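Here's the structure, in structure tokens; my notes come after.
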Amino acid sequence: MGRRLALAAAAATAKRASRVEDAAALRDALLLTRPGDDVGPAGRMLVIWRRLASRPVKTLAGDAVLGEVAADLGSFIDEEAAGRLGDEIKVLLTHAGMWSARPPTSLRCLSATVSAPRATLGPWLADAIVAGQLGWPRAVPLLGA
């Protein structure tokens, strides 16, 4: 189920990024590439959504992870901005179940990420934050699609 949701989120991300690949092309880019070879920009979109679903939620707000995800999406986040964003997300992730008490902060954080190039990082972060707020051990690519 998580892989299907990741594929749907990757297809939506590709569409928002004005790419022509559909879900089948994204899946093929990943599955038909030899281990160690570059899966290309489209394949990396699927990789980041699978990464979201496969890692514990608490690790998703790290500076390195945010930098990797941004790079895989063709965006750039400098270390300082990634650190600030990561700190803000960590606060949201550590207050599981507090969504109703913290919506302004959550929405500010998400709106800041939507201004990223082509608005591709925002849905990924939104899914991570929602999973953390709900106390889930792993995120599910729901909002990305």
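A quick note: this is a predicted structure, and the numbers were derived from the prediction, not measured.
Nearest heavy atoms, Ala53 versus Pro141: CB-CD, 4.1 Å. Shortest non-hydrogen contact noted between Leu60 and Ala139 is CD1-CB, 4.1 Å. Smallest separation of non-hydrogen atoms from Val57 and Ala128: CG1-O, 3.7 Å. Shown here for Pro56 and Arg138, the closest heavy-atom pair between the two residues is N-NH1, 2.8 Å. Minimum interatomic distance between Ala12 and Gly144 (heavy atoms only, all atoms of both residues): CB-O, 3.3 Å. Of all non-hydrogen atoms in Leu46 and Arg27, the two that sit nearest each other are CD2-CA, 3.9 Å.
Within the 4.5 Å cutoff, the side chain of Leu66 has heavy atoms near those of the Leu125 side chain. For the pair Lys58 and Pro137, the minimum side-chain heavy-atom distance is 4.5 Å or more. When side chains are defined from C-beta on, Val130 does not count as touching Leu142, because their heavy atoms never get closer than 4.5 Å. Looking at heavy atoms from C-beta onward, Trp49 lies out of side-chain contact with Leu5 at the 4.5 angstrom threshold.
Atoms CZ and CE, from Arg50 and Met45 in turn, are 15.5 Å apart once rounded to the nearest 0.5 Å.
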Item checked: Worked check of salt bridge (Lys or Arg N to Asp or Glu O under 4.0 Å) between Arg51 and Asp72 -> CA-CA 11 Å; Arg51 184 181 305 146; Asp72 285 344; 2.9 Å; yes
Notebook entry, point to check: side-chain contact (heavy atoms from CB on, under 4.5 Å) between Arg44 and Asp38: does it pass, once the steps are laid out?
Noted result: CA-CA 9 Å; Arg44 285 191 292 272; Asp38 183 22; 2.6 Å; yes
Check: Between Trp124 and Ile129, does a side-chain contact (heavy atoms from CB on, under 4.5 Å) hold up when you go through it step by step?
Finding: CA-CA 9 Å; Trp124 191 91; Ile129 290 169; over 6 Å; no
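A salt bridge between Asp22 and Lys15 is absent, with no side-chain N of the basic residue lying under 4.0 Å from a carboxylate O of the acidic one.
Within the 3.5 Å criterion, the main-chain N or O of Ala9 finds a donor-acceptor partner in the side chain of Thr13.
Of the residues listed (Leu32, Asp28, Leu30), the one engaging Val39 in a side chain to side chain contact (heavy atoms under 4.5 Å, CB included) is Leu30, and it is the only one.
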